[in-house]
Amino acid sequence: MPDLTALRGALADQAARRALCGRQPGPVLPRLRLLTTAELLCPAPPPACAADAAGELDALCRAAAEMLRRHPGWLAARLDAGPLPVLARPALLQAAVLAWLRCALQAGADGVRLCCRAAGCAAVLELAGGADPRGDAATLLARLAGEGGGSAVFAARGRFAAAVRLPAADGLPLRPAAAPADLLADRYSLPRLYLDGFCAEPEQ
């Protein structure tokens with residue numbers, strides 16, 4: 001895996017200098033988003049803890065709904081009551097869904113639907129709405145499925161549609177899910193990186 005620590009440090013320093021001058025993050029956020037995507041697509045060792053897919057996605061959807069300049073209900077989420085333990089990096093799960101949301105926002109989608117449900121010994125994530133399944137969204141979703149020993153299927157034509165099956169990881173300790181307030185408070189959280197340019201509130 002390439003060492004991207006120095007580049008991330010340089011971007012963080014640049015962002016800190018802009019903040020001290022009272023300036024907005026500006027071009028720093030797109031670069032951080034590209035770097036984060038590159039890091040998440042690199043091979044990684046299996047997680048030591050299971051991620052709660054339901055909890056992570058609930059926090060993510062709540063934070064995104066508060067951030068976005070869209071009518072209430074634009075993001076329609078249906079999540080099984082958790083926890084849904086899966087062998088996945090929480091950051092990869094969040095980034096894959098956020099990349100899909102960004103793609104839908106860029107395409108001017110009227111609305112999108114997300115579902116995460118238990119299906120036997122697995123969690124199934126279903127996404128619908130937005131542009132064709134190409135770019136970072138499809139790549140990150142495929143990586144998410146592959147790392148957990150699952151599978152991903154994408155629609156052949158037209159609107160974006162995907163189903164990702166993530167086998168359950170009941171034998172591992174469960175990592176606490178993120179809190180919506182933490183995602184909203186962190187100016188460099190994944191929702192802020194991937195939804196940059198579409199937020200209803202001023203960037204901090």
| remark: Applying salt bridge (charged side-chain N to carboxylate O under 4.0 Å, His left out) to R165 and not counting sequence neighbours gives none
Atom pairs and distances, donor-acceptor, side-chain atoms in residues 103-126, under 3.5 Å, two or more places apart:
| residue | atom | partner | partner atom | Å |
| --- | --- | --- | --- | --- |
| R117 | NE | E126 | OE2 | 3.3 |
| R117 | NH2 | E126 | OE2 | 2.8 |

| task | Measure the CG-CG distance between L40 and L190 for me, rounded to the nearest 0.5 Å. | result | 7.0 Å
| query | What distance separates L57 CG from R78 CZ, expressed to the nearest 0.5 Å? | reply | 13.0 Å
| said: Can you list everything that forms a salt bridge (charged side-chain N to carboxylate O under 4.0 Å, His left out) with R102? Sequence neighbours excluded, please. | reply: none
| query | Does a salt bridge link D196 with R192, judged by any charged N lying under 4.0 Å from a carboxylate O? | reply | no
| task | Output all residues satisfying side-chain contact (heavy atoms from CB on, under 4.5 Å) with A168, sequence neighbours left out; order by chain, then residue number. | result | D170
| Where at least one partner belongs to residues 145-155, residue pairs that pass side chain to side chain donor-acceptor pair (under 3.5 Å), sequence neighbours excluded | R89-E147
| said: If I take atom CG from residue L195 and atom CG from residue L68, how far apart are they, to the nearest 0.5 angstrom? | reply: 5.0 Å
| query | Relative to each other, are the rings of F160 and W100 parallel, tilted or perpendicular (30° and 60° limits)? | reply | tilted
| request: Could you point out which residue of L101, D136, V97, T37 forms a side-chain contact (heavy atoms from CB on, under 4.5 Å) with Y194? | output: T37
| remark: The side chain to side chain donor-acceptor pair (under 3.5 Å) partners of S189 (sequence neighbours excluded) come to none
| field | Side chain to side chain, R175 and P90, heavy atoms closer than 4.5 Å | value | yes
| query | Are F198 and L127 connected in a single hydrophobic cluster, I mean Ile/Leu/Val/Met/Phe/Trp/Tyr linked by side-chain heavy atoms less than 4.5 Å apart? | reply | yes
| remark: Shortest non-hydrogen pair, A95 vs L140, comes out as O-CD1, 3.8 Å
| request: Mind checking side chain to side chain donor-acceptor pair (under 3.5 Å) for R143 and listing every partner two or more places apart, or none if nothing turns up? | output: none
| note | Going by chain and number, the hydrophobic cluster around L87 (ILVMFWY, side chain to side chain under 4.5 Å) further includes L172
| query | Rounded to the nearest 0.5 Å, how far apart are CG of L144 and OG1 of T139? | reply | 12.5 Å
| query | Nearest heavy-atom pair of A96 and L141: which atoms, and what distance? | reply | CB-CD2, 3.7 Å
| Distance-minimising heavy-atom pair for A179 and A59 | C-CB, 4.2 Å
| Residue pairs passing the side chain to side chain donor-acceptor pair (under 3.5 Å) test where at least one lies in residues 43-56, sequence neighbours excluded | E56-Q94
| said: Could you report the tightest heavy-atom contact between G55 and A177, atom names first, then the distance? | reply: C-CB, 3.6 Å
| query | For P180 and A63, which heavy atoms make the closest approach, and how far apart are they? | reply | O-CB, 4.2 Å
| task | Looking only at non-hydrogen atoms, find the nearest pair between G197 and R69 and report the distance. | result | O-NH1, 3.2 Å
| Same cluster or not: are L60 and V164 linked, directly or through other Ile, Leu, Val, Met, Phe, Trp or Tyr residues, by side-chain heavy atoms under 4.5 angstrom apart? | yes
| note | Between the CZ atom in R187 and the CG atom in L193, the distance rounded to the nearest 0.5 Å is 12.0 Å
| Between CE on residue M67 and CG on residue L75, distance to nearest 0.5 Å | 12.5 Å
